[in-house]
Amino acid sequence: LALGRAQEEMGELPEAFVAYRAAAGRSATAADRARTISARALEIVRNRFSEALRAGRREAAAWHLSRLERFWPNSAATLESAMEMARAAGDTRAELAAVKALLASRPGDSDLALRRGQLELAVGDPGAGLALIEALAAAKPADPALQVELARAKFSWRLLNSPEQVRGLRDKVVLTRSDFAVLLYWTVPQIRTARPGAAQIASDIVDHPSRDEIARVANLGLMTIDETMHRFSPDAGLRRTDAVAALLRLIAGNAPGGSCQAPRAADREELCQAGVDCGLMDDRDLCQAGAGVSGSEAIEMLRRALDRLEDA
């Protein structure tokens, strides 16, 4: 009790609260002081957590979060902090748990409901996630952002029903050329049913486990084979320009005369601009820098391309 009073006088309310709590079972005065300063102590710990997380001091943030979870486990501030910590750490399962707990006390929070839907599709119950986003989009049919989220959710559901080798691509940091060929083959029905042109031979895919998918995509002219070396380079990192060019050829081949056309010359700047103009991506500079493509980025670009095909 004396320690709590001293810390309270010094303005150290979280520490005072901890001391009062320790004495509350034997002192009515300590219990009363703990109740009195609880809200302010919670606010201070929450602010310290936020400051530490913003500054990138994860260990300090985790310590403040542990204090929140010990003394105020069901408060909105604690659940929000747990959600933010999980998001910063890339722990989608922990984030989903925190979002669910927050939604229980805020059932009308559409932003939280949307985030839950996204997380359910990623690591939880995909059917529940799709249903959540469908309900949100149906409630606000004029909201373009929600309609985009619905399109993404439907495409995610489609991917979840694809072969295992396709489902695992979403989490890859950098796709290879063979990964992208597999993604195209299994998600674009036109590729599986189209008749390829003259067969091209790539000596480096003969023993590759994705040989059939690569051969089909290459022989349809969507991805190129080095004509001199007769190599596809299946294990090379996928360049953003390779993905853009393939998707532009896909759209042009199935919707000739449309606005999405690949430039005749293999000019990176023109190709990247064509990708932006077609709506396949938003960042032309990143494309021109020759950056690689993650699984989630490639899937979003493909989703946009398929939307263009449906609208053609």
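We use all heavy atoms of the structure for the numbers below, so side chains are in, but hydrogens, waters and symmetry mates are not. Bear in mind the structure is a predicted one, so any value in this text is a computation, not a measurement.
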Practice task
Determine, step by step, whether Val45 and Leu65 satisfy the side chain to side chain contact (heavy atoms under 4.5 Å, CB included) criterion, reporting the C-alpha distance in whole Å, the side-chain angles of both residues, the deciding distance to 0.1 Å, and the verdict.
Solution key: CA-CA 8 Å; Val45 178; Leu65 177 58; over 6 Å; no
Handout entry: Donor on one side chain, acceptor on other, Glu297 and Ser294, under 3.5 Å
Key = yes
Exercise for the section: State, without any angle test, whether Asp179 and Thr176 hold a side-chain donor-acceptor pair at a distance under 3.5 Å. Expected result: yes
Fill in the blank from the handout: When rounded to the nearest 0.5 Å, the distance separating OG of Ser110 from CG of Leu136 is 6.5 Å
Practice task
Measure the acute angle between the ring planes of Phe17 and Trp72, then classify it against the limits of 30° and 60° as parallel, tilted or perpendicular.
Solution key: parallel
Handout entry: Any Arg303 side-chain heavy atom under 4.5 Å of Asp307 side chain
Key = yes
Exercise for the section: Determine whether Phe180 and Asp242 make a side-chain contact, defined as any pair of heavy atoms from C-beta on separated by less than 4.5 Å. Expected result: no
Problem - Qualifying residues under salt bridge (Lys or Arg N to Asp or Glu O under 4.0 Å), relative to Arg211, sequence neighbours excluded - result: none
Problem - Over all atoms of both residues, closest heavy-atom pair of Val293 and Arg239 - result: CG2-C, 4.0 Å
Exercise for the section: Flag yes if Leu160 and Trp186 sit in one hydrophobic cluster, no otherwise; membership is Ile, Leu, Val, Met, Phe, Trp, Tyr, and two members link when side-chain heavy atoms are under 4.5 Å apart. Expected result: no
Handout entry: pair Lys172-Ser296: side-chain heavy atoms closer than 4.5 Å
Key = no
Handout entry: Pairs satisfying salt bridge (Lys or Arg N to Asp or Glu O under 4.0 Å), at least one member in residues 271-295, at least two apart
Key = Asp282-Arg304
Problem - Hydrophobic cluster identity match, Val182 and Val244, side-chain contacts under 4.5 Å - result: yes
Handout entry: Gln118 vs Thr92, side chain to side chain contact (heavy atoms under 4.5 Å, CB included): CA-CA, chis, key distance, verdict
Key = CA-CA 10 Å; Gln118 294 168 335; Thr92 48; over 6 Å; no
Problem - Distance (rounded to the nearest 0.5 Å) between Leu1 CG and Ser27 OG - result: 4.5 Å
Exercise for the section: Tell me, yes or no, whether the heavy-atom count around Gln190 atom CD, taken from other residues, nucleotides or ligands under 6.0 Å, exceeds 12. Expected result: yes
Problem - Check: Tyr185 main-chain N/O paired with Arg192 side-chain donor or acceptor under 3.5 Å - result: yes
Exercise for the section: Would you list the pairs meeting salt bridge (Lys or Arg N to Asp or Glu O under 4.0 Å) in which at least one residue belongs to residues 125-149, sequence neighbours left out? Expected result: Glu149-Arg152
Problem - Lys/Arg N to Asp/Glu carboxylate O, Glu80 vs Arg106, below 4.0 Å - result: yes
Practice task
Verify, without hydrogens or angle tests, whether Ser233 (side chain) and Ala236 (backbone) share a donor-acceptor contact under 3.5 angstrom.
Solution key: no
Exercise for the section: Linking directly or through intermediates, with side-chain heavy atoms under 4.5 Å: list the remaining ILVMFWY members grouped with Leu286, chain and number order. Expected result: none
Problem - Check ion pair Glu120-Lys100 (N to O, under 4.0 angstrom) - result: yes
Problem - Arg33 CZ to Arg35 CZ distance, which is reported to the nearest 0.5 Å - result: 10.5 Å
Handout entry: Side chain Asp204, main chain Phe232, donor-acceptor under 3.5 Å
Key = yes
Problem - Linked, directly or transitively: Ile44 and Leu3 (ILVMFWY side chains, under 4.5 Å) - result: no
Exercise for the section: Calculate, to the nearest 0.5 Å, the distance between atoms CZ and CE belonging to Arg58 and Met85 respectively. Expected result: 6.5 Å
Problem - Side-chain donor/acceptor of Thr193 to backbone N/O of Pro189, under 3.5 Å - result: yes
Problem - Heavy-atom side-chain proximity of Ile191 to Leu250 below 4.5 angstrom - result: yes
Problem - Side-chain donor-acceptor contact under 3.5 Å, Ser75 with Thr78 - result: yes
Exercise for the section: Specify the closest pair of heavy atoms between Ile133 and Ala153, including all atoms of both residues, with the distance to one decimal. Expected result: CD1-CB, 3.8 Å
Practice task
Could you verify whether a donor N or O on one side chain and an acceptor N or O on the other, from Arg46 and Ser81, lie under 3.5 Å apart?
Solution key: yes
Exercise for the section: Might you work through the side chain to side chain contact (heavy atoms under 4.5 Å, CB included) test for Thr187 and Leu302, ending with a clear yes or no? Expected result: CA-CA 9 Å; Thr187 57; Leu302 176 58; 3.0 Å; yes
Exercise for the section: Evaluate the salt bridge (charged side-chain N to carboxylate O under 4.0 Å, His left out) criterion for residues Arg48 and Glu15: first the C-alpha distance (whole Å), next the side-chain angles of each, then the deciding distance (0.1 Å), finally the verdict. Expected result: CA-CA 13 Å; Arg48 289 175 180 173; Glu15 289 69 22; 3.4 Å; yes
Problem - Taking every non-hydrogen atom, the tightest pair across Ala246 and Leu184 - result: CB-CD1, 4.3 Å
Practice task
Quick one: name the residues clustered hydrophobically with Val99, using the 4.5 Å side-chain heavy-atom rule over I, L, V, M, F, W, Y, and just say none if it's on its own.
Solution key: Leu79, Met83, Leu96, Leu102, Leu103, Leu112, Leu119, Val123
Problem - Side-chain (Arg167) to main-chain (Leu159) donor-acceptor, under 3.5 angstrom - result: no
Handout entry: Same apolar cluster: Ile251 and Met223, side chain cutoff 4.5 Å
Key = yes
Handout entry: Expected output: side-chain Thr241 to main-chain Arg268 donor-acceptor under 3.5 Å
Key = no
Practice task
Look at Arg115 together with Asp111 and state whether they make a salt bridge at an N to O cut-off of under 4.0 Å.
Solution key: no
Problem - Contact check, side chains of Leu248 and Leu271, non-hydrogen atoms, under 4.5 Å - result: yes
Practice task
Evaluate the side-chain proximity of Arg5 to Tyr20: yes if any heavy-atom separation is below 4.5 Å, no if none is.
Solution key: yes
Problem - Verdict with supporting geometry, Glu84 and Phe49, side chain to side chain contact (heavy atoms under 4.5 Å, CB included) - result: CA-CA 10 Å; Glu84 292 164 10; Phe49 165 83; 3.6 Å; yes
Handout entry: Heavy-atom closest contact (Cys260 atom, Ala252 atom, distance)
Key = O-CB, 3.7 Å
Problem - Considering all heavy atoms, the nearest Ala52-Ala61 contact - result: CB-N, 3.7 Å
Practice task
For Arg231 and Ile225, indicate whether the former's side chain and the latter's backbone hold a donor-acceptor pair under 3.5 Å.
Solution key: no
Practice task
Check whether any side-chain N or O of Asp32 sits under 3.5 Å from a backbone N or O of Ala28 as a donor-acceptor pair, and report yes or no.
Solution key: no
Practice task
Decide whether Ile299 and Trp157 are clustered together by the hydrophobic rule: side chain heavy atoms of Ile, Leu, Val, Met, Phe, Trp, Tyr closer than 4.5 Å, transitively.
Solution key: no
Handout entry: Min side-chain heavy-atom separation Leu132-Leu114 under 4.5 Å
Key = no
Practice task
Drop me the distance from Ser162's OG to Arg170's CZ, to the nearest 0.5 angstrom.
Solution key: 10.0 Å
Handout entry: Side-chain heavy-atom pair Gln273, Cys287 within 4.5 angstrom cut-off
Key = no
Handout entry: salt bridge (Lys or Arg N to Asp or Glu O under 4.0 Å) partners for Arg40, two or more places apart
Key = Glu43
Handout entry: Atom pair CD/CD1 of Glu8 and Ile37 - distance to nearest 0.5 Å
Key = 5.0 Å
Exercise for the section: Might you point out which heavy atoms bring Arg240 and Gly292 nearest each other, and give the distance in Å? Expected result: NH2-O, 3.0 Å
